[in-house]
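In this text, all values refer to a predicted model and were calculated from it rather than measured experimentally. Just so we're on the same page: letters track the sequence lines, and every chain starts at 1.
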2 protein chains.
Amino acid sequence: MSSPGRPRRATIRDVALEAGVSRGTVSRVLNGEPYVSAQARAAIEAAVAKVGYVPNTAARNLALQRAQAVGFIVHEPHELFLEDPNIGAILLGANRVLSGADQQMVSLVIDSERDSRRVARYLSGGFVDGAVVVSARQNDSLLGAIGRLSIPATLVGRPPSEVRVPWVGIDNRGAACAITEHLVGTGRRRIGMIAAALDRDSGADRLAGFRDALGDRFDERLVVARPLYEYTAGRTAMEELLAREPDVDGVFAASDAVAAGALDALRAAGRRVPEDVGVVGFDDSSWAQRTHPQLTTVHQPARLLGERAAESVLAQLRGEAPEPVGTLLETDVVLRGSA
Amino acid sequence: MSSPGRPRRATIRDVALEAGVSRGTVSRVLNGEPYVSAQARAAIEAAVAKVGYVPNTAARNLALQRAQAVGFIVHEPHELFLEDPNIGAILLGANRVLSGADQQMVSLVIDSERDSRRVARYLSGGFVDGAVVVSARQNDSLLGAIGRLSIPATLVGRPPSEVRVPWVGIDNRGAACAITEHLVGTGRRRIGMIAAALDRDSGADRLAGFRDALGDRFDERLVVARPLYEYTAGRTAMEELLAREPDVDGVFAASDAVAAGALDALRAAGRRVPEDVGVVGFDDSSWAQRTHPQLTTVHQPARLLGERAAESVLAQLRGEAPEPVGTLLETDVVLRGSA
DNA sequence: CTACGTTCTGTGAACGGTCACAGAACTCCC
DNA sequence: GGGAGTTCTGTGACCGTTCACAGAACGTAG
């Protein structure tokens with residue numbers, strides 16, 4: 001629009017002039033309203049084609065006070081955004097639902113505080129009617145902005161407790177319990193866990209689920225913790241666990257990346273998987289199918305998370321009570337070769 | 001904005017009223033213009049804070065005839081979008097540049113003809129001043145729309161020949177030649193290729209580069225082609241190649257996913273990599289570091305592609321001649337364990 | 001004291017649509 | 001032929017900004 005010399009876009013007035021009718025009638029035809037003569041309708045359609053008219057949605061939205069668009073805001077550092085296939089699936093799920101509701105999904109990546117402010121400004125500009133927010137952080141200025149603007153929003157993942165916003169997530173604890181039970185079911189007797197990210201609810205909940213599954217048989221000495229969900233964390237933690245408890249015959253790794261590291265540590269130590277040691281992961285990320293053997297893991301319904309979050313935003317848009325409650329979605333245990 | 005009962009947003013008029021000045025003066029303060037008394041400025045700033053004013057960018061853009069936003073349009077089927085780490089990197093590169101120019105990047109995913117139309121409508125609405133388009137297809141209705149609207153746009157990847165739009169891409173042919181030469185340099189004598197996607201320029205160019213590198217020693221019987229860049233394609237193609245030419249000692253796979261399949265087929269056939277057979281891939285995708293051994297492959301400067309495309313759009317926005325020419329970026333051969 | 005430049009402010013029009021309202025044209029029936 | 005109802009059309013106001021212009025207030029020089 002700012003490019004100099006670009007010819008002016010045709011407006012509804014040009015169409016009206018060309019068709020020999022008024023703006024009002026053109027607007028009626030464009031919006032499919034009744035009470036327009038066949039003659040006028042035909043003339044307007046011809047005129048639209050002739051002058052190459054395309055509606056200016058910005059003007060339309062200004063008049064209608066809505067944007068017909070929903071933001072999809074990803075707040076992740078670069079590495080994770082690239083690494084994590086779940087985000088892509090969430091995005092596509094949200095896109096599917098919003099597309100069905102004829103809403104344009106507009107996705108915005110935040111990777112700095114500056115981005116965060118610009119996005120807040122963007123949201124405030126009436127460009128979007130609502131937002132799906134993925135992995136907001138603690139003390140995220142964006143959440144504050146959303147609250148202030150009272151834009152309908154739904155988070156994917158559990159929000160910091162002080163923020164009252166609807167959210168959808170998975171039951172990390174239940175899923176961790178289920179996959180640990182699978183490990184138990186394959187006859188393992190000495191089951192360890194490589195826990196990670198205990199400072200986040202996902203990490204803590206996965207450990208809690210592991211404990212739930214083992215009950216009395218839970219043994220603290222079989223748990224090794226690491227700060228992040230990383231391949232190398234899994235590798236070193238597995239080495240540590242093997243050194244400490246050589247008779248371990250089952251391992252629940254807090255994520256697939258961690259499990260991949262554990263697998264390589266086991267291979268290096270001459271243990272066979274799954275014959276000597278059963279290994280399970282969490283996430284069903286791209287790691288899971290690229291290890292040897294492939295990982296038995298917990299599948300997150302990532303696409304469904306995106307769909308549900310989008311539906312929640314649409315419901316809020318329809319004026320339905322934005323119950324600020326969380327929804328937990330079910331997960332599946334996916335059986336592959338590693339346990 | 002459509003949610004019923006939501007309190008009306010404060011406008012510039014409310015601020016003016018509160019501060020006891022006119023709209024014009026408020027606008028001047030908001031835009032940092034000179035010729036405003038310190039007194040008025042202070043009163044306005046206080047009023048802004050008091051009424052909680054946030055500018056309505058839609059109205060602002062309508063008046064200014066610009067959006068201060070650039071679209072990032074990804075036209076890929078779901079699977080590829082999730083699979084291909086290059087797209088994420090391109091996105092982040094573009095985001096970096098646009099963010100620096102204080103433009104909001106708005107990314108839009110197209111996965112159906114319906115999406116395509118909606119995105120075209122979105123672009124026409126004055127929401128964005130320009131667009132970066134990733135992997136547009138042949139006969140893509142979107143490219144037509146962009147042409148019609150004469151929106152500044154730059155493609156990532158080579159466009160269909162009949163469309164005159166600036167683009168940036170990589171030299172698939174040169175890179176394929178370089179990595180094949182690496183294979184030759186490791187002393188391989190019977191080098192095969194698993195080609196793929198020969199109907200796209202990337203696939204055809206990679207085969208051409210392979211041929212360039214081998215010259216006289218090119219042997220058609222050592223080439224197996226498959227329609228898509230897929231793991232299973234690599235696996236079956238490698239089996240076919242081994243059956244046909246058991247003495248093959250080097251393989252150039254047209255993508256990392258294909259190479260991963262080939263690797264597994266070689267393992268199943270009892271060949272050691274790289275001792276018996278050297279394998280190289282293309283893309284430097286996440287597959288490359290997760291195979292055993294890790295892949296020697298061609299690294300695409302994906303982030304740079306995104307940056308360049310964004311810069312090109314910004315240049316067009318500044319009114320610089322949108323030379324409809326392509327730019328080829330350099331690629332690197334990354335040496336890992338597989339050859 | 002007047003004329004003039006500088007600094008500051010308010011106003012009306014514009015951006016491109018939608019909508020409510022008024023009224024015209026047409027049909028139908030008495 | 002006139003009144004009532006239905007169908008169709010045009011107009012002015014409005015959405016929330018920016019901008020050009022007119023003009024006010026003030027200081028300074030002649």
Side-chain angles (χ1 to χ4, degrees), chain A residues 1-2 6-44 47-48 51-68 121-122 124-127 129 149, chain B residues 1-2 6-44 47-48 51-69 121-127 129 149:
Chain A
M1 334 258 315
S2 63
R6 193 110 60 78
R8 201 179 60 80
R9 256 333 151 59
T11 74
I12 204 169
R13 282 182 168 80
D14 300 322
V15 174
L17 201 67
E18 177 70 29
V21 297
S22 70
R23 290 169 300 134
T25 306
V26 175
S27 176
R28 271 184 282 271
V29 169
L30 259 28
N31 294 301
E33 284 170 26
Y35 297 146
V36 178
S37 67
Q39 192 189 357
R41 176 164 274 127
I44 289 166
V48 163
V51 304
Y53 170 77
V54 279
N56 180 324
T57 318
R60 181 174 228 243
N61 291 342
L62 177 60
L64 288 171
Q65 298 284 83
R66 62 148 178 70
Q68 201 73 319
R121 208 175 67 210
Y122 186 86
S124 74
F127 281 103
D129 298 327
L149 295 164
Chain B
M1 328 261 306
S2 63
R6 192 114 57 80
R8 202 178 59 80
R9 246 350 139 59
T11 74
I12 205 171
R13 279 186 169 80
D14 301 321
V15 175
L17 200 68
E18 177 69 29
V21 297
S22 72
R23 289 168 308 145
T25 306
V26 175
S27 176
R28 271 184 282 271
V29 169
L30 259 28
N31 294 300
E33 283 169 27
Y35 298 147
V36 177
S37 67
Q39 192 188 357
R41 175 164 276 127
I44 289 166
V48 163
V51 303
Y53 170 78
V54 278
N56 180 323
T57 318
R60 180 175 230 241
N61 291 340
L62 177 60
L64 288 171
Q65 298 284 83
R66 61 147 178 70
Q68 200 74 318
R121 207 174 68 211
Y122 186 86
L123 292 181
S124 74
F127 281 101
D129 298 327
L149 296 164

If the helix axis at each end comes from five base pairs, how far does the helix from C:dC1-D:dG30 to C:dC30-D:dG1 deviate from straight, to 10°? 70°
Any side-chain heavy-atom pair of A:T25 and A:R28 under 4.5 Å: yes
Return the value, rounded to whole Å, for the distance between atom CG of B:L62 and atom C1' of D:dC19. 13 Å
Spacing of CD1 belonging to A:I44 relative to OG belonging to A:S37, to within rounding of 0.5 Å: 8.0 Å
Looking only at side-chain N and O atoms, does A:Y35 come under 4.0 Å of OP1 or OP2 in D:dT7? yes
Out of C:dC15, C:dG10, D:dT9, which has the shortest distance to the side chain of B:S22? C:dG10
note: B:I44, atom CD1; C:dT9, atom P; distance rounded to Å ~ 8 Å
First locate atom CG of B:N61, then atom CG of A:N61, and finally report the distance between them rounded to the nearest 0.5 Å. 11.0 Å
N/O-N/O pairs, protein side and nucleotides 17-27 of chain C side, under 3.5 Å:
from: C:dG17; atom 1: OP1; to: A:Y53; atom 2: OH; distance (Å): 3.2
from: C:dG17; atom 1: OP1; to: A:N56; atom 2: N; distance (Å): 3.2
from: C:dG17; atom 1: OP2; to: A:I12; atom 2: N; distance (Å): 2.7
from: C:dG17; atom 1: O5'; to: A:Y53; atom 2: OH; distance (Å): 3.0
from: C:dT18; atom 1: OP1; to: A:N31; atom 2: OD1; distance (Å): 3.4
from: C:dT18; atom 1: OP1; to: A:N31; atom 2: ND2; distance (Å): 3.1
from: C:dT18; atom 1: OP1; to: A:R60; atom 2: NE; distance (Å): 3.1
from: C:dT18; atom 1: OP1; to: A:R60; atom 2: NH2; distance (Å): 3.3
from: C:dT18; atom 1: OP2; to: A:S27; atom 2: OG; distance (Å): 2.7
from: C:dT18; atom 1: O4; to: A:R23; atom 2: NH1; distance (Å): 2.9

Could you grab the distance from atom CZ of A:R60 to atom CD1 of A:I12, nearest 0.5 Å is fine? 9.0 Å
Distance test, side-chain N/O of B:Q65 to OP1/OP2 of C:dA14, below 4.0 Å: no
Smallest heavy-atom separation, B:V51 atom then B:A10 atom, equals O-CB, 3.6 Å
Report yes if the side chains of B:N56 and B:T11 come closer than 4.5 Å at any heavy-atom pair, otherwise no. no
Taking 4.0 Å as the cut-off, does a side-chain nitrogen or oxygen of B:S37 come that near to OP1 or OP2 on C:dT7? no
Would you compute the distance between atom CG of A:N31 and atom CD of A:E33 and round it to the nearest 0.5 angstrom? 5.5 Å
Contact check, side chains of A:L30 and A:Y53, non-hydrogen atoms, under 4.5 Å: yes
In this structure, how many angstroms lie between the C1' atom of D:dC15 and the CG atom of A:N61, rounded? 11 Å
